[in-house]
Protein chains: 2
Amino acid sequence: MDQKKITIQDIAECANVSKSTVSRVLNNTTPVDGKKREAVLKAVKDLNFEPNSFASGLAGGNSMIIGVQTQKIGSSFYDLVTQGVIHCLTGTRYSPILVDGVWDKEIELKGIDTLLRRQVDGLIIIGGDIDKKHLIRLAEKKPILLVGREVEGLQDRCLYVDNFDIGYQATKFLIELGHRAIVHITGIKSHQDSVRRLNGYLHALDEAKIPYDKGLVFEGAFDGPSGVEAIDTILGRGKKFTAVFAANDMSAFGARLALYRNGIDVPGEVSLIGIDDQTEATYMTPPMTSVRQPAFKMGVTAGNAMLDLLKHKEIELPKQSVQISVRESTAKAPL
Amino acid sequence: MDQKKITIQDIAECANVSKSTVSRVLNNTTPVDGKKREAVLKAVKDLNFEPNSFASGLAGGNSMIIGVQTQKIGSSFYDLVTQGVIHCLTGTRYSPILVDGVWDKEIELKGIDTLLRRQVDGLIIIGGDIDKKHLIRLAEKKPILLVGREVEGLQDRCLYVDNFDIGYQATKFLIELGHRAIVHITGIKSHQDSVRRLNGYLHALDEAKIPYDKGLVFEGAFDGPSGVEAIDTILGRGKKFTAVFAANDMSAFGARLALYRNGIDVPGEVSLIGIDDQTEATYMTPPMTSVRQPAFKMGVTAGNAMLDLLKHKEIELPKQSVQISVRESTAKAPL
DNA sequence: TATATTTATGAAAGCGGTTTCAAGCGTCTG
DNA sequence: CAGACGCTTGAAACCGCTTTCATAAATATA
């Protein structure tokens with residue numbers, strides 16, 4: 001299988017120079033005589049030389065790898081951020097290595113270990129559940145960036161949207177359409193995002209002097225089935241409502257299905273709004289209103305910030321603002 | 001930032017043994033006296049030692065990295081396969097490094113280069129467009145596995161579903177429901193998958209003695225907008241039809257929206273079937289029928305096969321079969 | 001022209017592990 | 001009891017590249 005690997009030494013011999021010179025040409029670290037430079041480049045091409053990044057990593061001290069930890073490949077928000085990071089790194093000398101936490105703290109921690117062992121130069125962690133303390137300790141060793149998460153003591157390394165505001169905006173949007181009985185399907189309650197969104201919801205109600213009805217809130221799990229269950233449960237409680245605010249699009253999709261099953265018209269009888277604005281929201285019938293987080297952009301921003309961090313530049317992470325993609329699943333409250 | 005890294009040498013000193021012994025303990029390559037073994041392990045724990053995988057990669061000759069190339073993070077089929085691979089590798093000593101081809105041949109090739117440079121021990125390529133020749137050359141150097149792609153000369157390294165059969169089954173399913181005017185929204189025509197699915201469609205028509213009407217076929221792009229465009233275009237041609245078979249779910253979603261916009265009832269007037277059975281299909285209104293490819297399982301299979309390949313075992317890649325997830329977007333043809 | 005300064009280059013010393021090799025030691029065998 | 005054998009162990013070589021350091025050559029300065 002493996003024909004013998006060609007090394008920098010081979011190139012050196014072929015071009016009649018020393019290893020050092022080859023290295024210098026390849027990395028542009030020191031000027032090298034034109035002729036020799038040419039010769040080296042030619043040899044590289046001829047022999048189809050591919051530097052061993054382990055060797056250079058070892059010798060040079062930096063791996064040119066950015067570790068990226070996502071929470072779940074296949075989940076809209078995380079995927080978009082990841083894409084953003086990768087997009088931003090493409091074309092630079094850095095490449096990302098990805099680990100998936102699959103929503104599991106244990107696996108998440110192991111993933112981080114793997115990344116450290118791989119000598120990543122920097123770490124971008126998207127969401128997740130790792131302890132604040134642990135993160136701070138990590139931050140002492142490596143440049144680290146947290147996306148979609150706000151951690152005290154690491155504020156200047158966090159890039160996140162204001163989840164309270166998301167909850168508030170979404171709810172306010174519905175209230176302004178005249179809705180007063182608004183269901184909220186929350187996310188996983190251990191997630192700080194979920195809690196913040198819920199608080200935003202509560203605040204908007206409060207502001208509009210709408211009394212809080214516990215029976216209109218259902219603890220979901222950011223997925224389709226829990227959206228279905230939410231509607232069925234709340235209907236089962238005999239509650240009346242004219243709007244549903246789901247903590248993400250997947251649970252909104254679930255809610256949509258349950259409403260359909262129960263013969264409830266959207267938006268005629270009930271308005272529906274989700275969060276994430278994932279691609280599919282556009283293709284629901286009717287197209288679904290959703291709060292859009294600038295996920296891809298956040299990924300790019302994080303990637304660039306990491307690049308700056310690695311150049312020891314100062315970075316500044318702007319607070320991300322959200323906007324509502326208004327479509328047709330929301331309408332004025334029925335009389 | 002970086003406090004001084006601890007190396008195997010530090011462990012050796014702390015445990016009063018030689019580097020060699022430490023290495024042996026860590027890798028279980030040679031029996032080591034109980035006491036020393038303990039001492040080493042303790043030192044590792046105390047000093048919180050993390051082996052530098054660059055060094056071991058360099059010295060040992062294998063990187064314990066599997067390179068995975070996907071075509072588009074965020075795309076259902078690719079994501080699922082990727083998840084499968086990652087899932088299968090989790091807990092082994094191998095870790096995956098992911099590159100995204102973003103549907104672009106150039107970027108795809110660069111991605112492969114990156115992986116090679118990183119000394120991956122094996123390569124799993126999901127889909128994509130890289131030349132047969134190039135792949136064969138790669139296969140001479142590294143264990144390679146192709147998922148969702150069939151390449152002559154590398155048959156025993158390919159794990160794919162029979163796309164012709166998918167097209168055939170989907171179409172036949174519609175025909176058996178009594179449909180005769182069946183629209184097909186194809187995938188990107190340069191993709192072999194698209195062509196095979198189209199051929200399956202044609203074959204099913206032929207078998208049922210339904211004359212082929214070119215006007216019912218639209219070249220799509222595997223995405224939502226092209227699904228919308230397809231329906232609008234075909235409607236614009238003044239064509240009548242009672243069923244739509246889209247080459248993937250995203251384009252089916254697009255078609256669904258266009259039908260809705262045109263006031264055409266699904267499945268009352270038109271039946272709709274997609275391919276991929278992505279999660280959201282379940283939550284369309286009505287829930288959408290789709291051909292399910294065992295994507296996650298394929299990822300796992302590929303991962304395991306790679307592990308075997310690396311142990312120099314023989315591998316066998318079974319042909320993957322598909323099944324139709326029948327939901328409510330398909331019904332008997334109207335009279 | 002002699003001396004100081006700059007520049008290109010090669011030799012060699014790492015980087016942090018793994019692995020070969022040979023030595024040291026205890027045990028087994030004839 | 002000597003020699004053979006098997007185990008554990010440390011020293012040292014090595015993996016392929018970067019980088020420091022010293023040298024030689026070229027250029028500038030006096």
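Lettering of chains follows the sequences in order, A, B, ..., and the numbering in each one begins at 1.
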Problem - Side-chain-base donor-acceptor pair under 3.5 Å for Lys19(B) and dG10(D) - result: no
Practice task
State whether Lys36(A) places a side-chain N or O below 4.0 Å from either non-bridging phosphate oxygen (OP1 or OP2) of dA8(C).
Solution key: no
Practice task
Kindly point out which of dT20(C), dG17(C), dT18(D) is positioned nearest to the side chain of Arg24(B)?
Solution key: dT20(C)
Problem - Backbone N/O of Ile126(B) and side chain of Gln71(B): donor-acceptor pair under 3.5 Å - result: yes
Practice task
Please tell me which of Leu26(A) and Asn16(B) maps to the more 5' nucleotide of DNA chain D, matching each residue to the nucleotide holding its nearest heavy atom.
Solution key: Asn16(B)
Practice task
Evaluate the ring planes of Trp103(A) and Phe222(A), with Trp represented by its six-membered ring, and classify them as parallel (under 30°), tilted (30 to 60°) or perpendicular (over 60°).
Solution key: parallel
Exercise for the section: Kindly indicate whether the side chain of Ile65(A), heavy atoms from C-beta on, has any atom under 4.5 Å from the side chain of Arg118(B). Expected result: yes
Handout entry: For atom CZ of Arg117(A) and atom P of dG16(C), their distance in whole Å
Key = 16 Å
Practice task
Among dT19(C), dG10(C), dT9(D), find the nucleotide with the atom closest to the side chain of Ser23(B).
Solution key: dT19(C)
Handout entry: Check ion pair Lys5(B)-Asp10(B) (N to O, under 4.0 angstrom)
Key = no
Practice task
Would you please say whether a donor-acceptor pair under 3.5 Å links the side chains of Ser18(B) and Thr21(B)?
Solution key: yes
Practice task
On DNA chain C, check which nucleotide each of Thr21(A) and Gln9(B) is closest to and give me the residue with the more 5' one.
Solution key: Thr21(A)
Exercise for the section: Mind checking Val22(A) for me? I need base, sugar-phosphate or nothing, with any heavy atom below 4.0 Å counting as a touch. Expected result: nothing
Handout entry: Rounded interatomic separation in angstrom, taking CG from Asp33(A) and C1' from dT6(C)
Key = 16 Å
Practice task
Take atom CG of Asn28(A) and atom P of dA8(C), then tell me their distance rounded to the nearest Å.
Solution key: 13 Å
Practice task
Would you indicate what Val17(A) reaches in the nucleic acid, counting non-hydrogen atoms under 4.0 angstrom: base, sugar-phosphate, or nothing?
Solution key: sugar-phosphate
Handout entry: Donor/acceptor link under 3.5 angstrom from Ser20(B) side chain onto base of dA11(D)
Key = yes
Practice task
Kindly indicate whether the side chain of Thr30(A) and the base of dA8(C) share any N or O donor-acceptor pair separated by less than 3.5 Å?
Solution key: no
Problem - Near-strand residues of residues 38-64 of chain A, defined as heavy-atom separation under 4.0 angstrom from DNA chain C - result: Leu58(A), Ala59(A)
Practice task
Report yes or no: does Lys142(A) contribute a side-chain atom to a donor-acceptor pair with the main-chain N or O of Val120(A) at less than 3.5 Å?
Solution key: yes
Problem - Whole-Å distance separating the CD1 atom of Ile8(A) from the C1' atom of dG10(C) - result: 13 Å
Exercise for the section: Specify the separation, in whole Å, of atom CD of Gln119(A) and atom P of dC15(C). Expected result: 14 Å
Practice task
Determine: side-chain N/O of Ser18(A) to OP1/OP2 of dT9(C), distance under 4.0 Å, yes or no.
Solution key: no
Fill in the blank from the handout: Whole-Å distance, Glu13(A) CD to dG16(D) P, equals 13 Å
Problem - Donor-acceptor pair between Thr70(A) and Asp100(A) side chains, under 3.5 angstrom - result: no
